[in-house]
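Take a look at the structure below.
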Amino acid sequence: MESQKQFKRRFSFEFFPPKTDQGKEKLQTVRNKLAEVDPDFFSVTFGAGGSTRDRTIETVLNLHRQGISTAPHLSCVGGTRQEIGELLDVYKENGINRIVALRGDMPSGMGAAGEMRYANELVEFIREHSGDTFNLEVAAYPEFHPQARSAEDDLQNFARKVKAGANSAITQYFFNADSYFYFIDRLEKMDVTIPVVPGIMPIINFSNLVRFSDMCGAEIPRWIRKQLEAYGDDSDSIRKFGEEVVTDMCEKLLKAGAPGLHFYTLNQAEPSLSIWKNLGVSEREKISF
Ligand SMILES: Cc1cc2nc3c(=O)[nH]c(=O)nc-3n(C[C@H](O)[C@H](O)[C@H](O)COP(=O)(O)OP(=O)(O)OC[C@H]3O[C@@H](n4cnc5c(N)ncnc54)[C@H](O)[C@@H]3O)c2cc1C
């Protein structure tokens with residue numbers, strides 16, 4: 001973990017772009033609550049194949065204007081260089097300085113894969129098109145990406161994204177800190193030493209978590225799954241147990257030197273805030289764990 005200890009810690013919250021007016025109002029309330037703890041930035045996801053393009057732009061610019069730096073996610077599957085270039089120009093004109101650059105996944109039934117096949121090509125394109133305007137974040141997979149041919153291949157892919165110009169990374173969520181430590185160790189052996197910030201998924205709803213984890217290849221350890229299962233419909237107990245388990249893991253990650261945390265909020269303030277408060281991030285001035 002030595003490579004990670006040198007970086008200043010940063011804390012961020014991720015949202016998805018709301019579809020309805022009611023969703024927008026709710027996100028505004030969530031934003032206000034999370035803004036109180038003064039995170040380093042917010043980020044906003046980009047729907048598969050560009051399906052949320054306009055809503056992502058609108059949400060990003062709206063949040064960014066309110067004073068906390070906001071980073072759009074941008075995926076390349078299904079998009080052309082021209083379309084992506086235009087989007088980059090919009091962000092640049094509006095003072096956006098960070099982008100989460102991804103390959104993304106094509107939704108089933110949607111056409112061609114686009115002009116870029118993998119995230120390293122997108123990173124390369126953004127550097128070509130926009131120089132150093134943006135701080136580029138890429139995705140990292142401590143439990144390895146589900147489509148990777150092997151663990152080694154996935155690590156090589158990550159290294160390719162760094163070589164193409166990524167400044168830092170955010171991980172897929174995980175519930176086993178050792179997978180993250182091992183991943184960092186493997187990167188260090190390859191001399192890949194950018195900040196890799198753990199992505200943190202608060203546990204809110206068991207069936208959604210299982211469905212989503214199966215899709216994205218995140219493992220729910222058996223002891224957590226069994227305990228959550230045992231709570232059945234008792235959502236208070238699920239949240240309480242989830243909060244405890246995830247707080248403990250975050251504490252372990254930060255103590256070991258993780259360069260911050262990125263919360264997948266699912267557009268809800270309380271689950272991420274409770275973990276944040278348990279950790280005492282603000283009181284400890286974000287740096288002195
Ligand atoms: C922090 C974070 C944020 C995310 N935000 C979004 C979002 O907003 N919208 C969204 O749709 N999805 C999002 N995702 C999900 C992501 O789009 C998917 O996980 C997607 O399947 C992979 O994207 P990637 O950028 O990691 O792809 P890549 O880094 O391109 O990797 C994809 C797969 O291809 C393999 N690979 C890469 N290069 C090669 C090569 N040259 N030859 C063969 N195999 C190769 C890799 O090993 C991996 O298995 C996010 C994921 C994370 C971790």
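Each residue takes its place number in the sequence, starting with 1. Counting convention: from 1, in listed order, for ligands and their atoms alike.
Below 3.5 Å of separation, one finds no N or O of E14 facing any N or O of ligand 1. Where the criterion is an N or O separation shorter than 3.5 Å, residue side chain and backbone included, G47 fails it with respect to ligand 1.
There is no side-chain donor-acceptor pair under 3.5 Å between R222 and Q227. Between the side chains of E243 and N278, at least one donor N or O sits under 3.5 Å from an acceptor N or O. Between the side chains of H73 and T45, no donor-acceptor pair of N or O atoms lies under 3.5 Å. Side chain to side chain, E115 and T80 fail the donor-acceptor criterion of an N or O pair below 3.5 Å. Under the 3.5 Å distance criterion, with hydrogens and angles disregarded, a donor-acceptor pair is assigned to the side chains of Q28 and Q66.
Using a 4.0 Å cut-off to heavy atoms of Y141, the atoms of ligand 1 that qualify are 16 (C), 18 (C), 19 (O), 22 (C), 23 (O), 24 (P), 26 (O), 51 (C). Of all atoms in ligand 1, numbered sequentially from 1 with element shown, those under 4.0 Å from a heavy atom of D154 are 46 (C), 47 (O), 48 (C), 49 (O). Close contacts between ligand 1 and Q172 involve ligand atoms 53 (C) [criterion: under 4.0 Å to a heavy atom]. If you number the atoms of ligand 1 from 1 as listed, the ones under 4.0 Å from a heavy atom of A139 come out as 26 (O), 52 (C), 53 (C). Numbered from 1 in the order shown, with element, the atoms of ligand 1 that lie under 4.0 Å from a heavy atom of R160 read 38 (N), 39 (C), 40 (C), 41 (N). Remark: ligand 1 atoms within the under-4.0 Å shell around heavy atoms of H73 are 3 (C), 4 (C), 5 (N), 6 (C), 7 (C), 8 (O). Atom numbering of ligand 1 starts at 1 in the shown order; those under 4.0 Å from a heavy atom of T45 are 8 (O). Within the listing of ligand 1, atoms 49 (O) sit less than 4.0 angstrom from a heavy atom of Q147.
Residue contacts with ligand 1, taken as heavy atom pairs separated by less than 4.0 Å, involve R103 via backbone and side-chain atoms alike. Here R117 has no heavy atoms under 4.0 Å from ligand 1, in either its backbone or its side chain. Of all the heavy atoms of A119, the ones lying under 4.0 Å from any atom of ligand 1 are found in both the backbone and the side chain. Neither the backbone nor the side chain of F158 has any atom closer than 4.0 Å to an atom of ligand 1 (non-hydrogen atoms only). At a 4.0 Å heavy-atom cut-off, ligand 1 does not touch F144 at all. The proximity of H262 to ligand 1, defined as any non-hydrogen pair under 4.0 Å, does not occur for either the backbone or the side chain. Of the heavy atoms in R149, only side-chain atoms (C-beta onward) come closer than 4.0 Å to ligand 1.
Shown here is Q6, whose CD atom has more than 12 heavy atoms of other residues, nucleotides or ligands within 6.0 Å.
If you check which protein heavy atom lies closest to atom 29 (O) of ligand 1, you get K161 NZ, 2.7 Å. Scanning the protein for heavy atoms near atom 1 (C) of ligand 1, the closest one is Y264 OH, 3.3 Å. The protein non-hydrogen atom at the shortest distance from atom 12 (N) of ligand 1 is G104 CA, 4.3 Å. In this structure, the protein non-hydrogen atom closest to atom 10 (C) of ligand 1 is F46 O, 3.5 Å. With respect to atom 49 (O) of ligand 1, the closest heavy atom belonging to the protein is H145 ND1, 2.8 Å. Of all protein heavy atoms, the one closest to atom 35 (C) of ligand 1 is Y118 CE2, 4.0 Å.
Nearest residue to atom 14 (N) of ligand 1 from V100, N157, D105, L102 is L102 (criterion: closest heavy atom).
Between F175 and Y173, the ring centre distance stays below 6.0 Å. For F15 and F42, the gap between ring centers is short of 6.0 Å.
Looking only at side-chain heavy atoms (C-beta outward), S235 and N205 stay at 4.5 Å or farther from each other. Here the side chains of F46 and V60 are not in contact, with every heavy-atom distance at 4.5 Å or above.
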### Task
Given side chain to side chain contact (heavy atoms under 4.5 Å, CB included), test F174 with F183 step by step and report yes or no.
CA-CA 12 Å; F174 53 86; F183 185 74; over 6 Å; no
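We find the CD-CD distance between Q172 and E219 to be 13.0 Å, quoted to the nearest 0.5 Å. Atom OG1 of T20 sits about 9.0 Å away from atom CZ of R55, to the nearest 0.5 Å.
If you run side-chain contact (heavy atoms from CB on, under 4.5 Å) between L88 and each of L74, I96, T133, only L74 comes through.
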